[in-house]
J.: 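Dumping the structure here so I can ask a few things about it.
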Amino acid sequence: MFKNHFLTTIYLLLFLFPMKSRAQASYQQQIDAIRREIPKLEGRNLLEAYYKIYNICYYAGDVKQERNSITELLAEAKRQGDVKMQGTARVALLYYYYNADMKDSLLLEFPKQQEFLLKQKDWKYYYDIWVLIVNHHIFTGRSNTALREVKRMYEDAQKRENNYGIGLASYGMGNAYMDIGLHDEAIAAYERCIKALDKSEEGSSTLLDVYPYYCSVLSEVKNYKRMLEITDQWRAYLDSNKKNLGLEGEKGSTSSYYTYYYNSRASALMGLGKLNEAEKLLTKAYEATKDLRDNSQLTVFYNMGQLYMKKGDYEKALNFNNQIIGRYTIQEDPSGVLMLKKQRAEILFQSQKFEEASCLYKQVYMLADSLNINSVKNQLNEFNALFKVDELEKEQEEEHVRYVYIVLGVIIAALLLIGILGLYFVNRLRQKNRELAVALDHAQESDRMKTAFIQHVSHEIRTPLNIITGFAQVMGSPNYQLTNEERVHIVNSVESNTREITNFVNELLEFSENESQNRYEERDTIQVNGFCRDIIDRAQQVNNGRLELLYESMVDDSQTITSNAEALGRILRQLVSNSMKFTEKGSVKLKAQLSDDLSILNISVTDTGIGIPPDQRERIFEKFYKVDSFKRGLGLGLTMARRIARILGGDLQLDDTYTEGTRFILSLPNQNKNP
């Protein structure tokens, strides 16, 4: 969440100039003194004077003078024909646009400056500004665009056999994968980065960027042992490069370089339960940042709060949280606010201040829902931009682009529905929050269901959507020559995955409709045998001979019931579909029979599948509950089926006596008793 500021600072420190202290109070006097000397200087000394002015302006945060100093440096470098200093000035210009959030100027100037560096074969700066563009895409919420760009960068570096470029490209990949939550891919990319940079003379200092991010993703997957190994390498580099980094003397160990190291290592130690060791490191970091007001201080104070919460000293934990929580607003840093509020809620909960914790948890849930929806909307906008580019490059992609637009519209509708459902659960929580213990229990259960719901929605949408995006990029790329068979296969895959997303959204809409439905008009006279055989015939079309699908009738062909055909069909199709999903081999059987007194029609669905464990049989009708979390679906089917059955005057039950698989029994009133 703090990577924008941190990455920019580290890049400028490592790629443009050596570490120097900020002299905020006297920076103008320093500049004036240098300018008085400039008329006396010439050649290399003059260039270094202009470069020093730029350096001072940057660290003083004087944006106007910084821009002017870059212009002066570039002009003098051109006049002297010094291409190396020209490259430095051009790169500084791009970093200026990056830090000032002038994205249009950044993207416009990038190709020009990269072409200049390419002609000069200045590979270090060439790849430096390329990965800058990649990180710009990541920090503006376009991680898929960043992946597209960094793969081009990686291929370019491989072609030139340039280890520095390979390392930086791998670093950019790691950042992009981490941003979209693909932690395993991010870890693999950071490992490639470290190996490549170790082989490069220019790349060792770049490891100072890689270490914090690599440790961050290792912390996400709780691989604390590997975190310690990486921080060992990190510390060894810092200690052996103090002179180059300007860290000599007593103040070296209190610099921001060491502060980030202390934080990462302390996080690993806390994860391993070594709280006393972690406290020693965090104390050093605290002493170095207690008088600052920047992101390094935020991470230190947050970790101090985590440490004392783990140690059970909740007063100290709240004190550190109090010192930092008011400095960040939702507008400036929503993720940071969410992290701090969540930490505060956890501290209050563990210190048994349940009422305050409950109120704060509600805010956390609402903010998290909002961030999730905004994140997906940003991805949709990015996909839209990517497809626009592809449409301009190749006219034959128009049909596929329109297809994706339709999918995006459906997804936006699904997101709105998710928001409504989220509000629904929050309202339920508010209504039942009468007693403190009950409120806390319900809050935790609501959190579990919402988390599961969002995870399922994300998985169900992202998987087919990534397939559609990947094939669209293949179709739109002039580098791929496709045969007719390959093109037909791609089109069929896009259509298949679009249908899958549509079916998924339909399931959400059906669930919403079912939740609001209080009665079904029982206007249809249903011939039982014909209706059940039709259910089996439809299932055969999907089955393709994989399982044996049977219908066994214990009623006459003349047997009918009066009910709602659409609602009854929805129940039976759901039950048969579930049985087919959880049955690898064997059979699925639909059976109809009357009760002894002919007042009830029982329709059972029996399979030879994996069955349901006894301890979970009471929960399978709960909303969002899934016995197997890896199976596709939201866990809403049985909930809807039982509710419809009860609205129709019947019921849906699991047959506990059947042990060869699973059997559900649908019971409906038989108004049309035959003598």
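Computed from a predicted model, the values in this text were never measured in an experiment.
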J.: If you compare all heavy atoms of I166 against all heavy atoms of A196, which two are closest, and at what distance to 0.1 Å?
T.: CG2-CB, 3.9 Å
J.: Determine the minimum heavy-atom distance between G167 and C193, stating which atoms define it.
T.: O-SG, 3.2 Å
J.: Residues in salt bridge (Lys or Arg N to Asp or Glu O under 4.0 Å) with E229, at least two apart?
T.: R226
J.: Where is the tightest heavy-atom contact between L168 and L197, given as atom of each residue plus distance?
T.: N-CD2, 4.4 Å
J.: Would you compute the distance between atom CG of N162 and atom OG of S200 and round it to the nearest 0.5 angstrom?
T.: 6.5 Å
J.: State, with a plain yes or no, whether a side-chain heavy atom of N163 is found less than 4.5 Å away from one of D198.
T.: no
J.: With the side chain counted from C-beta on, respond yes when K84 and D122 share a heavy-atom pair under 4.5 Å apart, and no when they do not.
T.: yes
J.: Quick one: do the N263 and Y302 side chains pair a donor with an acceptor below 3.5 Å?
T.: no
J.: Sort out for me which residue in M227, R265, E220 forms a side chain to side chain contact (heavy atoms under 4.5 Å, CB included) with C215.
T.: M227
J.: Do T145 and T140 come close enough that some side-chain heavy atom pair is under 4.5 Å?
T.: no
J.: Return each pair, listed once, that meets salt bridge (charged side-chain N to carboxylate O under 4.0 Å, His left out) where at least one residue sits in residues 88-99; pairs must be two or more places apart or across chains.
T.: none
J.: Determine whether W130 and E149 make a side-chain contact, defined as any pair of heavy atoms from C-beta on separated by less than 4.5 Å.
T.: yes
J.: Quick one: closest heavy-atom pair of S170 and Y154, and the distance?
T.: OG-CE1, 3.6 Å
J.: State which residues pass salt bridge (Lys or Arg N to Asp or Glu O under 4.0 Å) with E185; sequence neighbours excluded, sorted by chain then number.
T.: none
J.: Between R152 and E155, is there a salt bridge with N-O shorter than 4.0 Å?
T.: no
J.: D32: which residues meet the side-chain hydrogen bond (donor to acceptor under 3.5 Å, both in side chains) condition with it, sequence neighbours left out?
T.: Q28
J.: So V91 and L117, side chain to side chain contact (heavy atoms under 4.5 Å, CB included) or not? Walk me through it.
T.: CA-CA 9 Å; V91 172; L117 297 170; 4.1 Å; yes
J.: Which value, rounded to the nearest 0.5 Å, describes the distance between S69 atom OG and L74 atom CG?
T.: 11.0 Å
J.: Run the side chain to side chain contact (heavy atoms under 4.5 Å, CB included) check on N135 and Y98 step by step: do they pass?
T.: CA-CA 10 Å; N135 283 297; Y98 179 87; 4.3 Å; yes
J.: Within a strict 4.5 Å, meaning less than it, do heavy atoms of the Q86 and Q120 side chains meet?
T.: no
J.: Do N223 and I187 come close enough that some side-chain heavy atom pair is under 4.5 Å?
T.: no
J.: How long is the gap from OH on Y97 to CZ on R67, to the nearest 0.5 Å?
T.: 4.0 Å
J.: Before accepting this row, confirm whether a basic side-chain N of the pair E277/K280 lies closer than 4.0 Å to the acidic partner's carboxylate O.
T.: no
J.: Consider only side-chain N and O atoms of Y27 and D62, and report whether a donor and an acceptor are under 3.5 Å apart.
T.: yes
J.: Name the atoms and distances for all side-chain donor-acceptor pairs under 3.5 Å in residues 35-49, with sequence neighbours left out.
T.:
{"unit_1": "R35", "atom_1": "NH1", "unit_2": "E72", "atom_2": "OE2", "d": "3.3"}
{"unit_1": "R35", "atom_1": "NH2", "unit_2": "E72", "atom_2": "OE1", "d": "2.9"}
{"unit_1": "R44", "atom_1": "NH1", "unit_2": "D82", "atom_2": "OD2", "d": "3.0"}

J.: Considering only residues two or more places apart or on different chains, which pairs with a residue in residues 182-202 satisfy ring-ring contact (aromatic ring centres under 6.0 Å, His included)?
T.: Y190-Y214
J.: If you compare all heavy atoms of A146 against all heavy atoms of V134, which two are closest, and at what distance to 0.1 Å?
T.: CB-O, 3.6 Å
J.: Shortest non-hydrogen contact from M153 to A169?
T.: CE-N, 3.6 Å
J.: Given S264, which partner from the list L218, I230, T231 fulfils the side chain to side chain contact (heavy atoms under 4.5 Å, CB included) test?
T.: T231
J.: Do I70 and Y95 come within less than 4.5 Å of each other through their side chains, counting heavy atoms only?
T.: no
J.: Check whether the ring centres of Y126 and W123 lie less than 6.0 Å apart, and answer yes or no.
T.: yes
J.: Quick one: pull up CG in N175 and OH in Y213 and give me the separation to the nearest 0.5 Å.
T.: 6.0 Å
J.: For W234 and V210, what are the C-alpha separation, side-chain angles and deciding distance, and is it a side chain to side chain contact (heavy atoms under 4.5 Å, CB included)?
T.: CA-CA 10 Å; W234 190 350; V210 181; over 6 Å; no
J.: Is there a side chain to side chain contact (heavy atoms under 4.5 Å, CB included) between Y237 and Q233? Walk through the geometry before answering.
T.: CA-CA 6 Å; Y237 177 83; Q233 297 178 29; over 6 Å; no
J.: Between the side chains of T88 and Y125, does any donor sit under 3.5 Å from an acceptor?
T.: yes
J.: Nearest 0.5 Å, what's the CD-CG distance between E109 and L93?
T.: 5.5 Å
J.: With rounding to the nearest 0.5 angstrom, report the OH to CG distance, Y261 to D232.
T.: 6.5 Å
J.: Once the angle between the rings of Y54 and Y51 is folded into 0 to 90°, is it parallel (under 30°), tilted (30 to 60°) or perpendicular (over 60°)?
T.: tilted
J.: Heavy atoms, side chains only, cut-off 4.5 Å: are Y96 and M102 in contact?
T.: yes
J.: Can a donor-acceptor pair be found between the side chains of N303 and Y286 at a distance below 3.5 Å?
T.: no
